[in-house]
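Heavy-atom basis, side chains included; hydrogens, waters and symmetry copies ignored. Per chain, numbering begins at 1; letters A, B, ... match sequence-line order.
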There are 2 protein chains.
Amino acid sequence: MSTSSYSSKSDFVEAFSLKIEELGHPRIYGQILGWLLICDPPHQSFPDLMENLAISKASVSNVTRMLLERGLIEKVRIKGERQIYFKLKEGSVIDFMQKQLRLALDLEEITSRGLEFLSKEKDTDSKRLKKANDFHRFLAEQSENLIEKYKADHDL
Amino acid sequence: MSTSSYSSKSDFVEAFSLKIEELGHPRIYGQILGWLLICDPPHQSFPDLMENLAISKASVSNVTRMLLERGLIEKVRIKGERQIYFKLKEGSVIDFMQKQLRLALDLEEITSRGLEFLSKEKDTDSKRLKKANDFHRFLAEQSENLIEKYKADHDL
DNA sequence: AATTTAGTTTACTCAATACTAAACAAATCT
DNA sequence: AGATTTGTTTAGTATTGAGTAAACTAAATT
């Protein structure tokens, strides 16, 4: 499987945003993140984003707000300029994936409560759920460790 | 945060399916998986699923087909009975999460191709993308290791 | 063979949401 | 103050997909 590379920045942005979209985010969410990974300069204005991604002003406004709230991008102000610029926040890639890994933690909690209920009911077969709970706890703990280890080793 | 447990099996199923739904699956997808984790007996017929989950026959047919294709459930036949039964496949919980972890691998590949393109273009700043690629490769490798370790230690 | 049972497929409805255009608000410049 | 630039909010369109009822197919029982 030789990784045939992209033939434009747009190609990368599309592939990247498609993957992000699969996770349930709006298309433009991934487009902006992807673009901010490779654009030059690293900070981009409203018109920059509108032109390069072919999206409306309203979309830039709405989606940048989402990304700001989630702490994935930040505003940049430049002296003497009226426009807002946006750039990726340091560590945003890690934060993004860390959020994904919360799934294991959530499922651990849900299965844990399920087990608690089953025990009250003296339910015959809690084996399946117990296995699931074990696995999710393991995964939640270990993946958290992974991130911490990475952060420690790779300075931010 | 004391985990106040559920007060019915349905409560568990709803909580579980809601979390699965967040991942982009249909509601019923998670409902069936959740129910098959706690139902008694572990194998369930069309009417079982229709009644306990309050869903239509068509939905049972469609969603069980999806789950079968993905290898998360399997058919059970009982001698002298015409009905099909479904049960969770052994290891389905692990398989499910392993699929989630593919995200890191996919993003590693996408960022890798992006870097390849940037290098051809002699792009000034590939620092952001390189960092992202590093991180995703780390995560893909390590999380794969985690699963393997778990499988080795916990016999299936 | 005819009828009942079991499951699939088709066609439709309904709800959610992404995205945008246009109206609006706020701030800066002349 | 008036005009222009910059960004937000509102209201509307359009697409997508989940879920179901009903029609259909296949198999087994009488």
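- Candidate nucleotides C:dG7, D:dG7, D:dT20 were compared by shortest atom distance to the side chain of B:I84, and C:dG7 ranks first.
- Ion pairing between a basic and an acidic side chain is recognised when a charged N comes within 4.0 Å of a carboxylate O; B:K149 and B:D153 show such pairing.
- Atom OH of A:Y29 is separated from atom C1' of C:dC19 by 17 Å (rounded to the nearest Å).
- With rounding to whole Å, A:K57 atom NZ is found 13 Å from C:dT20 atom P.
- In summary, A:K19 and A:E22 engage in a salt bridge, as defined by a charged side-chain N under 4.0 Å from a carboxylate O.
- Note on A:D123 versus B:K9: salt bridge recorded, some NZ/NE/NH1/NH2 to OD/OE distance being below 4.0 Å.
- Residue B:S59 has a polar side-chain atom (N or O) positioned under 4.0 Å from OP1 or OP2 of D:dT20.
- Atom-to-atom, CD of A:Q83 to P of D:dT4 comes out at 18 Å; the value is rounded to the nearest Å.
- Closest to the side chain of A:S56, from the set D:dT9, D:dT20, C:dT20, is C:dT20.
- Contact of A:R82 with D:dT5 (side chain to base): a donor-acceptor pair of N or O atoms is detected under 3.5 Å.
- Between A:E69 atom CD and D:dT8 atom P there is a gap of 12 Å when expressed in whole angstrom units.
- Closest approach to the B:A58 side chain among C:dT28, D:dT8, D:dA22 is made by D:dA22 (side chain taken as heavy atoms from C-beta onward).
- Rounded to an integer number of Å, the gap from A:I55 CD1 to C:dA21 C1' is 15 Å.
- Ranking D:dT20, D:dT29, C:dA18 by closeness to the A:P26 side chain, first place goes to C:dA18.
- With rounding to whole Å, B:M66 atom CE is found 15 Å from C:dT8 atom P.
- Computed from coordinates, the B:R65 CZ to C:dG7 P distance equals 15 Å when rounded to whole Å.
- A salt bridge does not link B:E108 with B:R102: every distance from a Lys NZ or Arg NE/NH1/NH2 to an Asp or Glu carboxylate oxygen is 4.0 Å or more.
- Distance CD1 (A:I28) to C1' (C:dT17): 12 Å, rounded to an integer number of Å.
- Rounding to the nearest 0.5 angstrom, the gap separating the CG atom in A:L105 from the CZ atom in A:R137 is 11.0 Å.
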